[in-house]
Amino acid sequence: MNITLKVWRQKNADAPGALVEYNVAGVVPEMSFLEMLDALNERLVAEGQDPVAFDSDCREGICGMCDLVIDGQAHGPDKEATTCQLHMRRYRDGDVVTVEPFRAKAFPIVKDLCVDRSAFDRVQAAGGFVSINTGNAVDGNAILIPHDEAEKAMDAAACIGCGACVAACPNASAMLFVAAKVSQYALLPQGRPEREKRVLAMREAMDQEGFGHCTNEYECEAACPKGIKVSNIARLNREYLRAALTSD
Amino acid sequence: MKLESKVPSGPIEKSWDKHRFDLKLVNPANKRKFKVLVVGTGLAGSSAAASCAELGYQVESFCIQDSPRRAHSIAAQGGINAAKNYPNDGDSVWRLFYDTIKGGDFRAREANVYRLAQVSNAIIDQCVAQGVPFAREYGGTLSNRSFGGAQVSRTFYARGQTGQQLLLGAYSALMRQVGAGAVKLHARSEMLDLVVVDGAARGVITRDLVTGRIERHWGDAVLLCTGGYGNVFYLSTNAGACNVTATWRAHKRGAAFANPCYTQIHPTCVPVAGDHQSKLTLMSESLRNDGRVWVPKKKGDARKPQDIPEDERDYYLERKYPAFGNLVPRDIASRAAKQMADDGRGVGKTGLSVYLDFKDAIARIGLDKVKEKYGNLFDMYRHITDENPYEQPMRIYPAVHYTMGGLWVDYNLMTTIPGLFCLGEANFSDHGANRLGASALMQGLADGYFVLPYTLGGYLAGAKLPKVTADHAAFAQAENDVVMRTRALLGTGGKKAPAAFHRDLGRVMWDNVGMGRNAKGLREALSKIPEIRDAFWKGVSVVGDAADFNQTLERAGRVADFLEFGELLAKDALAREESCGGHFREEHQTPDGEAKRDDEKFAHVAAWEYNGEGKEPTRHVEPLTFDNVHIAQRNYA
Ligand SMILES: Cc1cc2nc3c(=O)[nH]c(=O)nc-3n(C[C@H](O)[C@H](O)[C@H](O)COP(=O)(O)OP(=O)(O)OC[C@H]3O[C@@H](n4cnc5c(N)ncnc54)[C@H](O)[C@@H]3O)c2cc1C
Ligand code: FES
């Protein structure tokens, strides 16, 4: 098939950007969307033109590196899938597809479709951990965790930190990302000693990074490739309230 | 070059304790005077950086991705081994040690493997304490499953995302230290050279991948935790950024490279779909707990799998290896799949795949239980192939997955360059000629949490290092080398993308240095690889600037190194005139097609020394002795 792409090109954070049109011929249904971009880039490089910069690494939906907005949707049209998991069998010959970066004040553009998501790392550094030094642990079975609790914690821990929740949110809020981490630890006994400190610190860091507020749009849940639920945000709010009430 | 393994004397059960006692200590107040550079933030790098920072060292940490959390360890699926014996099925440190030595086809150092088994339990405890949500039983205890090459259930897991959860645990420990100011983080930063001063590793040269700036970083020790080189085959289950650059540059500065020919072809991967393919996706070995591997008995049987009756199916692993069945080690399962395809009984359009069937498991434990155990893997498979594995068997085929070879290290994980340590998949140490499933995660975390933090102190306490900072002449020299090389890559005026050369190399590697190797094919590879390399340096097209975000330049640099390294890999495969583990020389097999070792001539580690551009490298040998396990032909039947 032949696909027409309209791709956001922007030299760096400060330069102006614009959509540029490219035709990609010889696309087959088994190709992934990113392999289609690879094919475009290989051609551009052979022609001596600047290829389209985009991020990816594992190409199997787990590292969280890929991050495209495709026809207005973070990670494209497939539900619970990352950009790298999208395949061209979704498209028909002659389709026109628009490709843009994840946009948010807290994710400045690096080049073309690549953005800087280091704000997430800083939020994590503020409190997304259990303070335990190497070598201090008790036997793994000394901490009993009921099966269903462990599964619930795992549901939250499945977050890949891609930032689709931020890109999809009209306020560019990072609530789902923060909620997933706070929930994982709040659900596990290991996380409880620092529960108040953690939620306060992570929320504050989130605000400082310039992420917006949550106004219950639920766009984050719809865009999340790992199916993280907004119920985690409710838990985050409860944890926050609890911490705010008990802190002195 | 002298290869001193530094393995302590005395009974193996005591060696690590004794060694730890004998190692010199750095006084707590002095630790902050030392700076440690940690390259890589996978399980090995994150755990080492966090642990060293906790001890009080100054740490700087580097990774290619935009966040340390995206290191390739994140992709590990199935699980991590430990000798906890929670299921009460007869496991022990000794058994894990024995299984790992045997699984590695008797080509690993006994003392290292024993230590690995010994610290395995502490890893699980550490990860649990960090809040890693391992799978649990209803009573709240940790769950286990089985992996290949073992008859006990010793694998801990977090659904099909064990690597992700372990890495996020290590990442959280690392970020805690970043937040505390004890670790300085350099993401989107690639190490392009090692700086050696007076024979000791004292720094690295990096490129800031956003601005293109070349930077000098000095330290008192350098840890390479940069992962494996599977991408030398172009197609592999590895992530795009996995490379050999850091270890190869260190090799060219004097670090011996050990057993580069030991590569692992994983039996259960989604088969190749076409020329556009950029990577292959693993379907975790854990699936072989419940999935049954089969092909039709009849050659060229084109019926749908559902239409092939039971008695016309060949469950060949169960037939050939009744004791281990579908859970034989990887090298054996991969070769068996290749034999079926060679025999004309492979399935799918290309005939290059076999079935992995869950029909019986669904009938036995129910759809919900299968979903809970493998849901995300099944989803992944469906995304890629558009086929529903709950209704029809998966199609799988072997693919390059892991590299057992790597920089040679002694018992302290130190390379042949003093002060340069190598951890995780990047070193050669523990898996011999074949790695068992669920033991790479174990090794990466053993190295980073429980081995290096001790051995590093031993080195620094005794090293008497002169003060060296980044204005030393050696830094200027190394930086200049990097700049010249980058300029050369940008200046060929060629017309072919780096990826296209990478594909050319991969084809030669897979065809001639892949699952079946022979002298003729290896010699052919040794003449073709330099041809591709020449063509690359004459005709590669790298657009854009050095002082900019430039992904083509990044790729070109990595491909250039693969083009040198691939030759060494083939050389090593040619020199090893035996079959062992993942290294299968067709000239050396038993009458029923199993690997035939030659213990008399090859019970050793081959460690290559670089002698300069265009010169033959030297093959050094570290003999392996087996005082604790009886060396024998592997038998899984
Ligand atoms: C799909 C898949 C599934 C797997 N499943 C399992 C499993 O279930 N159980 C198991 O035990 N093992 C498994 N493995 C193997 C295991 O995941 C790896 O061997 C292990 O995680 C490697 O960890 P590492 O820390 O050594 O390196 P990696 O995690 O690969 O990390 C390498 C780090 O080095 C950095 N780096 C590399 N080069 C440079 C450079 N030049 N400059 C700066 N930084 C650099 C990278 O950015 C990264 O941070 C699996 C592997 C794959 C591919
Ligand atoms: S590239 Fe890793 S999630 Fe898409």
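Here is the naming used below: chain letters follow the sequence lines, and residue numbers restart at 1 for every chain.
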*Please test A/Asn133 against B/Arg176 for side-chain hydrogen bond (donor to acceptor under 3.5 Å, both in side chains), starting from the C-alpha separation and ending with a verdict.*
CA-CA 10 Å; A/Asn133 284 358; B/Arg176 175 174 162 237; 3.0 Å; yes
If you count heavy-atom pairs under 4.5 Å with chain B, which of [options] comes out on top?
| options | value |
| --- | --- |
| A/Glu30, A/Glu42, A/Glu47 | A/Glu42 |
| A/Arg89, A/Gln49, A/Met36 | A/Arg89 |
| A/Asp121, A/Leu188, A/Val130, A/Asp148 | A/Asp121 |

Interchain contact, [X] with chain A, by part (heavy-atom threshold 4.5 Å):
| X | value |
| --- | --- |
| B/Phe156 | neither |
| B/Leu282 | backbone |
| B/Ile123 | neither |
| B/Ile124 | neither |
| B/Ala122 | neither |
| B/Ser143 | neither |
| B/Ala241 | both |
| B/Arg503 | side chain |
| B/Thr385 | backbone |

_salt bridge (charged side-chain N to carboxylate O under 4.0 Å, His left out) evaluation trace for A/Glu151 with B/Arg159_ = CA-CA 9 Å; A/Glu151 291 297 308; B/Arg159 290 192 195 147; 3.0 Å; yes
Where does [X] contact chain B at under 4.5 Å (heavy atoms): side chain, backbone, both or neither?
| X | result |
| --- | --- |
| A/Val123 | neither |
| A/Ala53 | both |
| A/Asp155 | both |
| A/Ile160 | both |
| A/Ala39 | neither |

*Quick one: which of B/Arg70, B/His72, B/Gln164 gives a side chain to side chain contact (heavy atoms under 4.5 Å, CB included) with A/Ile62?*
B/Gln164
_Name of the residue among B/Ser47, B/Ser51, B/Cys52, B/Pro453 meeting side chain to side chain contact (heavy atoms under 4.5 Å, CB included) with A/Thr134_ = B/Ser51
To the nearest 0.5 Å, what is the distance between [atom1] ([X]) and [atom2] ([Y])?
| X | Y | atom1 | atom2 | answer |
| --- | --- | --- | --- | --- |
| A/Asp78 | B/His383 | CG | NE2 | 6.5 Å |
| B/Gln551 | A/Phe54 | CD | CZ | 7.0 Å |
| B/Asn238 | A/Cys58 | CG | SG | 11.5 Å |
| A/Asp57 | B/Ile64 | CG | CD1 | 8.0 Å |

*asked:* Quick one, B/Asp386 with A/Arg90, criterion salt bridge (charged side-chain N to carboxylate O under 4.0 Å, His left out). Give me CA distance, side-chain angles, the key distance, then yes/no.
replied: CA-CA 11 Å; B/Asp386 208 25; A/Arg90 257 263 173 200; over 6 Å; no
*Other residues, nucleotides, ligands: >12 heavy atoms within 6.0 Å of B/Lys496 NZ*: yes
_Using a 6.0 Å cut-off, check whether atom NZ of A/Lys152 has over 12 heavy atoms from anything other than its own residue._
no
*Does the pair B/Asp548 and A/Lys111 meet the rule for a side chain to side chain contact (heavy atoms under 4.5 Å, CB included), with working shown?*
CA-CA 10 Å; B/Asp548 197 2; A/Lys111 184 178 180 183; 4.2 Å; yes
*Is it the case that A/Arg59 and B/Ser278 place a side-chain donor and acceptor less than 3.5 Å from each other?*
yes
_Winner by heavy-atom pair count (cut-off under 4.5 Å) against chain A, out of B/Gln277, B/Gln65, B/Gln177, B/Gln77_ = B/Gln65
*If you tally heavy-atom pairs under 4.5 Å against chain A, which of B/Arg69, B/Lys495, B/Lys84 wins?*
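Heavy-atom pair counts peak at B/Arg69.
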*Is A/Asp139 close to B/Tyr86 at the side-chain level, that is, under 4.5 Å between some pair of heavy atoms?*
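A side-chain contact exists here, since the closest heavy-atom pair is under 4.5 Å.
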*Using a 4.5 Å cut-off on heavy atoms from C-beta on, say whether the side chain of A/Gln85 contacts that of B/Met380.*
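Yes, side chains in contact.
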*Verify side chain to side chain contact (heavy atoms under 4.5 Å, CB included) between A/Met154 and B/Gln165, making sure each step is shown before the conclusion.*
CA-CA 9 Å; A/Met154 180 62 213; B/Gln165 294 309 316; 3.6 Å; yes
*Step by step, work out the side chain to side chain contact (heavy atoms under 4.5 Å, CB included) result for A/Gln124 and B/Ser172.*
CA-CA 7 Å; A/Gln124 183 98 21; B/Ser172 69; 4.1 Å; yes
_Do the side chains of A/Glu60 and B/Lys279 get close enough for a salt bridge, i.e. N-O under 4.0 angstrom?_
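Here A/Glu60 pairs with B/Lys279 in a salt bridge, since their nearest N and O are under 4.0 Å apart.
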_If you apply the rule side chain to side chain contact (heavy atoms under 4.5 Å, CB included), what do you find for B/Glu372 with A/His147, and how did you get there?_
CA-CA 12 Å; B/Glu372 181 186 318; A/His147 170 273; 3.0 Å; yes
*asked:* Walk me through whether A/Asn141 and B/Thr141 qualify under side-chain hydrogen bond (donor to acceptor under 3.5 Å, both in side chains).
replied: CA-CA 6 Å; A/Asn141 266 348; B/Thr141 53; 4.9 Å; no
